[in-house]
**Student:** 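Here it is, the structure, as C-alpha cells.
Each chain gets a letter, A, B and so on, in the order its sequence line appears, and its residues count up from 1.
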2 protein chains.
Amino acid sequence: MAANILIVEDEESILELIAINLHQSGFNPMRALNAEYADKLIQEAIPDLIILDWMLPGMNGIEFAKRLRSNSSTKKIPIIMLTAKSDEENKIVGLESGADDYLTKPFSPRELVARIKAVLRRKSPELIDDPIKISNLHLDPSTHRVESNGATIKIGPTEFKLLHFFMKNPDRVFSRNHILDKVWGNQSEIDDRTVDVHIKRLRDVLTNNGHDKLVQTVRGMGYRFSENQEN
Amino acid sequence: MAANILIVEDEESILELIAINLHQSGFNPMRALNAEYADKLIQEAIPDLIILDWMLPGMNGIEFAKRLRSNSSTKKIPIIMLTAKSDEENKIVGLESGADDYLTKPFSPRELVARIKAVLRRKSPELIDDPIKISNLHLDPSTHRVESNGATIKIGPTEFKLLHFFMKNPDRVFSRNHILDKVWGNQSEIDDRTVDVHIKRLRDVLTNNGHDKLVQTVRGMGYRFSENQEN
DNA sequence: AAAATTCTGTCATAAAAATGTCATAAAAAT
DNA sequence: ATTTTTATGACATTTTTATGACAGAATTTT
C-alpha cells in the first residue's frame with residue numbers, strides 16, 4: 001500500500017514540487033503550509049512519514065518535531081528534516097530533536113525520494129517495495145531490474161511497470177481498465193486495447209527468457225499473472 | 001464489484017486522503033464536504049457504506065446518522081463514524097445512533113480500510129468477492145478460477161457467471177427469466193431457452209470433473225443449484 | 001545539435017473462442 | 001396417447017483477443 005506522506009513546507013512552490021515528485025514516485029502526499037495546519041491534519045489522520053521544513057513561520061521545525069515526539073500517537077512517525085543551513089551543528093540539533101534524516105537545501109527531488117525510501121525501509125518495511133521473486137523471475141524495484149536465474153532481462157519501461165504490478169498481485173485477474181489505472185495512472189485517455197499490445201510485448205520478453213504462460217488471458221475479464229496452471 | 005463508499009468529512013485534505021486510500025484499495029469513493037451535499041449524493045445513488053465524521057458544520061454526524069436510519073431507503077447502509085473524541089461515552093452514543101463501527105482520530109488510513117472491509121464482510125458479503133466452496137467445488141472470483149479438489153476447471157465466461165450466481169445462492173430455485181436477469185443483465189433480449197443451453201454447458205463442465213447432479217431441473221419452475229439430493 | 005535508437009499508442013487484420021438459435025430427441029405430465 | 005416441457009447437438013454469427021506494421025515521441029548516443 002502506498003505510504004501517506006505529510007509535507008510541511010511554507011514555500012508553496014517547493015511544497016508543490018515535492019508533492020508532485022512524491023506522487024510520481026508512488027506516494028500519497030499531504031500538504032501543509034504551516035505547523036498549525038500540519039497539526040490539524042495530524043490530529044485527524046496519521047501519516048506514515050513527515051517531511052518537515054526547518055524554518056517555519058510561527059513555530060520552527062525543531063519545536064514541531066519535539067512536540068510530535070512527545071505525543072504518544074505521533075511519537076513513532078518518521079521525520080525527515082529540510083534545512084537551508086548546511087553546517088554540522090544544525091544537523092546534530094536536528095537529529096537530536098528526533099528527526100530520522102536530514103536533507104540540506106537545495107536538494108534534488110531524486111535524493112529526497114531516495115532518503116524517504118531509506119527511512120521507510122528502516123521504520124516501516126511493509127510500505128516499501130521489496131524485491132519480488134516468482135518462478136525464477138526476480139524483480140527488484142530499487143534497481144529497476146529483472147533477472148531470470150542470474151541473467152538480466154532487457155525490458156522496456158511500460159513492460160517493467162506492468163510486470164511489477166502483476167508480480168505484486170499474482171493470481172488475481174485484472175480488467176484492462178484496472179490495469180490502465182494502476183500502470184498508466186488514472187486519468188490516462190488511453191485505449192483499452194493498448195493493454196493487449198503491451199501484454200504481448202511483455203509476453204514476448206518473458207517467453208524469450210524461458211517463461212511461458214505466466215501472463216494468462218482470462219476471456220471477457222482481463223489478464224492474470226500466475227505460475228499456476230492456466231484456465 | 002467495487003463498493004461505493006461515501007465519505008462525509010469537512011476537512012478537505014482529509015477527505016482527499018481517505019478517498020485516495022480507498023481508491024487504491026479498490027473501492028469507489030464518493031466525496032462530500034458536508035451533510036447537505038452528502039444528502040444530494042445519496043439521492044442520486046445509494047452508497048454501499050458511509051464514512052461519517054462526527055463533527056460536521058451545520059448538522060453533526062450523529063444527527064445525520066439518525067436521519068439515515070429513519071429513512072427506509074437508507075436505513076441499512078453501514079456507517080463508520082470518525083470522531084476526535086476518544087472517550088467511551090461518545091463511543092456508546094455513536095454506536096447507539098446506528099454506527100456499525102467507530103474509529104477514533106487520529107486514525108491510520110490503513111486501519112480505516114481494514115475496518116471497512118470488516119464491516120462490508122459482515123453486512124454486505126456479496127460486495128466482497130470471497131471464495132465460495134460447495135461440495136469440493138471451489139470458486140474464487142478474484143482469481144476467476146474454479147477448482148475441483150486441486151485441479152483447475154476450464155470454464156467459459158458465461159458458465160462462470162452462471163456458476164458464480166448459483167453458488168452464491170445455493171438451494172434456491174430460479175426461473176429462467178430471473179437467471180437471465182442476474183447473469184446476462186436485465187435489458188437482455190435473449191430467449192428464455194438460451195438458459196437451457198448454458199445450463200447444459202455448465203453441467204457438462206461439472207460432470208467432466210466429477211460433479212453430477214449439482215445443477216438440478218425443477219420442472220415448470222427453472223433450475224436450482226444444490227448439493228443435496230434432487231426432487 | 002544531430003543522428004540513431006528505443007519506446008508508444010493505434011490501427012487493420014488474423015485467429016480463436018464464445019454465443020444464441022434452431023431443429024430434433026427425450027422425458028415428464030396429463 | 002397426446003401434450004408440454006426440457007435436453008442436446010450442430011452451426012452460423014458475433015465477440016473477443018493476438019499479432020504485425022507503422023508513424024510519431026521520447027530518449028540516448030554521437
**Student:** Leu214(A) vs Phe166(A), test: side-chain contact (heavy atoms from CB on, under 4.5 Å). Steps then yes/no.
**Tutor:** CA-CA 10 Å; Leu214(A) 278 177; Phe166(A) 272 138; over 6 Å; no
**Student:** Could you check how far CG of Leu162(A) sits from P of dT8(C), rounded to whole Å?
**Tutor:** 11 Å
**Student:** To the nearest angstrom, how far is Gln216(B) atom CD from dA7(D) atom P?
**Tutor:** 12 Å
**Student:** Round to a whole Å and report the spacing from CZ of Arg176(B) to C1' of dT6(D).
**Tutor:** 7 Å
**Student:** Base of dG9(D), side chain of Arg201(B) - is there a donor-acceptor contact under 3.5 Å?
**Tutor:** no
**Student:** Between dG20(C) atom C1' and Ile199(B) atom CD1, what is the distance in whole Å?
**Tutor:** 15 Å
**Student:** Rounded to whole Å, how long is the line connecting atom CZ of Arg219(B) with atom P of dA28(C)?
**Tutor:** 7 Å
**Student:** Heavy-atom nearest nucleotide on DNA chain D for Met221(A) versus Met221(B): which residue maps closer to 5'?
**Tutor:** Met221(B)
**Student:** Does dT3(D) pair with anything, Watson-Crick or G-U wobble, both distances under 3.5 Å, and if so, with which nucleotide?
**Tutor:** dA28(C)
**Student:** Counting only Watson-Crick pairs (N1-N3 plus N6-O4 or O6-N4) and G-U wobbles (N1-O2, O6-N3), all under 3.5 Å, who is the partner of dG9(D)?
**Tutor:** dC22(C)
**Student:** Just N and O in the side chain of Thr194(B): are any of them under 4.0 Å from OP1 or OP2 of dT19(C)?
**Tutor:** no
**Student:** Compare side-chain N and O positions of Trp184(B) against OP1 and OP2 of dG20(C) and report whether any pair is under 4.0 Å apart.
**Tutor:** yes
**Student:** List the atom of Asp100(A), the atom of Ile77(A), and the distance in Å for their closest heavy-atom pair.
**Tutor:** OD1-O, 4.3 Å
**Student:** Tell me: CG of Asp204(A) to C1' of dA18(D), nearest whole Å?
**Tutor:** 10 Å
**Student:** Think Arg193(A) has a side-chain N or O under 4.0 angstrom from the OP1 or OP2 of dC11(C)?
**Tutor:** no
**Student:** What side-chain donor-acceptor pairs closer than 3.5 Å can you find for residues 145-160 of chain A, not counting sequence neighbours?
**Tutor:**
| unit_1 | atom_1 | unit_2 | atom_2 | d |
| --- | --- | --- | --- | --- |
| Ser148(A) | OG | His211(A) | NE2 | 2.9 |
| Glu159(A) | OE2 | His198(A) | ND1 | 2.5 |

**Student:** Strictly below 4.0 Å: does Tyr223(A) bring a side-chain N or O up to OP1 or OP2 of dT16(D)?
**Tutor:** no
**Student:** Could you give the NE2-to-C1' distance, from His198(B) to dA18(C), as a whole number of Å?
**Tutor:** 8 Å
**Student:** One thing to verify: whether Asp48(A) and Lys123(A) come together as a salt bridge, which I'm taking to mean a side-chain N less than 4.0 angstrom from a carboxylate O.
**Tutor:** no
**Student:** Looking at Lys200(B), I'd like to know whether one of its side-chain N or O atoms comes within less than 4.0 Å of OP1 or OP2 on dT6(D).
**Tutor:** no
**Student:** Please determine whether a side-chain nitrogen or oxygen atom of Thr158(A) lies at a distance below 4.0 Å from atom OP1 or OP2 of dT8(C).
**Tutor:** yes
**Student:** Measure from the side-chain N and O atoms of Glu9(B) to the backbone N and O of Glu11(B), and report whether any donor-acceptor pair falls under 3.5 Å.
**Tutor:** yes
**Student:** For dA18(D), take OP1 and OP2 only and decide whether either is under 4.0 Å from a side-chain N or O of Arg203(A).
**Tutor:** yes
**Student:** Within this structure, what is the CG-to-P distance between Asp192(B) and dC22(C), rounded to whole angstrom?
**Tutor:** 13 Å
